[in-house]
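Some notes on the structure that comes next.
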Amino acid sequence: MIRIKNSGEIEAMRKVGRITADILGEICAAVKAGVTTWDLDQLAIEALKARNAVGACYDYPGRSRPFPAHICVSLNDEIVHGIPSKKRKIQSGDIVSLDFVAQYGGFMGDSTRTVPVGEISDDVKKLLDVTERALYAGIEQAIEGNHVGDISFAVQCCADEAGLGIVRELVGHGVGRDMHEEPSIPNYGQKGTGPLLKAGMTLAIEPMFMLGSEKISVDTDGWTVRTADGKYAAHFEHTVLVTKDAPEILTRYGVVS
Ligand code: MF3
Ligand code: CO
């Protein structure tokens with residue numbers, strides 16, 4: 001069952017979406033050569049505290065152990081769920097995916113950006129541009145009367161046109177009181193298929209594309225998902241409210257609140 005949020009719940013989703021975007025913006029601004037991924041987690045902890053919000057990634061159950069940090073930081077060939085570490089220093093030429101989920105007032109906001117550090121190659125620049133563009137192409141389809149497959153198809157087209165690989169094992173999802181609600185939103189699919197979208201649904205749309213083969217692997221830490229061939233991957237995500245006419249991006253950045 002896909003949950004439809006009522007007006008009070010939508011207000012709460014707006015509030016936590018704003019908090020999520022503001023904190024993610026702060027963390028992105030701190031990404032530079034010499035900073036450790038652990039430093040970024042500390043920033044997340046402080047930013048959450050300042051807003052009386054909670055980080056929903058911390059202690060999230062996993063296959064071998066709960067996630068031990070407040071933000072997922074994944075570098076270069078790491079796709080998602082990278083664990084912050086004091087030993088991991090960001091370097092010029094890296095791309096850094098920051099995946100963050102805040103919880104406030106009983107609801108969650110989920111958003112991701114991949115930011116470049118210093119000079120990156122044209123190929124990697126294209127990877128970032130196309131993945132972000134695919135996010136907005138998917139979001140455009142998040143209107144009442146469309147199907148989940150319309151989002152999936154729009155996202156897939158961006159990867160196909162650019163000759164990029166799609167991470168097929170990981171999907172977008174409904175989000176609300178729980179981090180992962182129905183429906184699943186694959187980053188590939190066919191128009192007009194899958195569940196019907198209705199006003200009041202809140203969705204996390206999150207394309208993950210890669211430069212090389214679509215094969216992935218999971219590290220022995222039980223969390224870090226990376227490309228099997230070591231080529232770079234990018235990830236962009238917003239929490240979006242489905243309405244009758246235009247999707248509302250609840251984690252939009254650059255908004256003064
Ligand atoms: N945005 C991620 C997801 O939807 C956040 C999960 S982090 C975790 O899977 F640690 F909580 F798993
Ligand atoms: Co998500």
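One-based numbering, in listed order, for ligands and for the atoms of each. Sequence positions, counted from 1, serve as the residue numbers for this chain.
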Under the 6.0 Å and 45° cation-pi test, does R51 pair with Y104? no

Verdict with supporting geometry, E248 and R14, salt bridge (charged side-chain N to carboxylate O under 4.0 Å, His left out): CA-CA 9 Å; E248 184 177 327; R14 285 196 179 106; 2.6 Å; yes

Verify the distance criterion only: is there a donor paired with an acceptor across the side chains of T202 and K5 at less than 3.5 Å? yes

Just checking, R113 and Y253: is the charged tip under 6.0 Å from the six-membered ring centre and within 45° of the axis? yes

Which ligand 1 atoms does F67 reach within 4.0 Å, using its non-hydrogen atoms? 10 (F)

Restricting to N/O/S, name the atom of D110 that gets closest to the Co ion (ligand 2). OD2

Give the atom numbers and elements of ligand 1 that come within less than 4.0 Å of a heavy atom of E206. 4 (O)

Checking heavy atoms under 4.0 Å, the part of C57 that sits near ligand 1 is both

Can you name the N/O/S atom of E237 that is nearest the Co ion (ligand 2)? OE2

Please determine whether any non-hydrogen atom of F100 lies less than 4.0 Å from an atom of ligand 1. no

Distance filter under 4.0 Å to H81 heavy atoms, resulting ligand 1 atoms: 6 (C), 9 (O)

Should you measure from each heavy atom of E237, which atoms of ligand 1 turn up under 4.0 Å away? 1 (N)

Here the N/O/S atom of H173 closest to the Co ion (ligand 2) would be NE2

of all protein heavy atoms, closest to atom 12 (F) of ligand 1 is W223 CZ3, 3.3 Å

Applying salt bridge (charged side-chain N to carboxylate O under 4.0 Å, His left out) to E144 and K244, what does each step give before you reach the verdict? CA-CA 5 Å; E144 178 158 289; K244 284 193 170 25; 3.2 Å; yes

Hey, what's the ring geometry for H70 with Y58, parallel, tilted or perpendicular (30° and 60° as the breaks)? parallel

Please list, in number order, the atoms of ligand 1 under 4.0 Å from a heavy atom of C72. 7 (S)

H173 heavy atoms, cut-off 4.0 Å: which ligand 1 atoms fall inside? 4 (O)

Between R3 and E9 (salt bridge meaning N to carboxylate O under 4.0 Å), is one present in this structure? no

How close do S74 and H81 get, counting heavy atoms only, and between which atoms? OG-N, 3.4 Å

Which heavy atom of the protein is the closest neighbour of atom 4 (O) of ligand 1, given with residue, atom name and distance? H180 NE2, 2.9 Å

Has ligand 1 got any nitrogen or oxygen that is less than 3.5 angstrom from a nitrogen or oxygen of D110? yes

Closest by any non-hydrogen atom to atom 5 (C) of ligand 1: pick that one out of D99, T112, L170. D99

Identify whether the distance between the nearest side-chain nitrogen and carboxylate oxygen of K191 and D150 falls below 4.0 Å. no

Among the N, O or S atoms of E206, the one nearest the Co ion (ligand 2): OE2

Quick one: do K125 and E119 make a salt bridge, cutoff under 4.0 Å? no

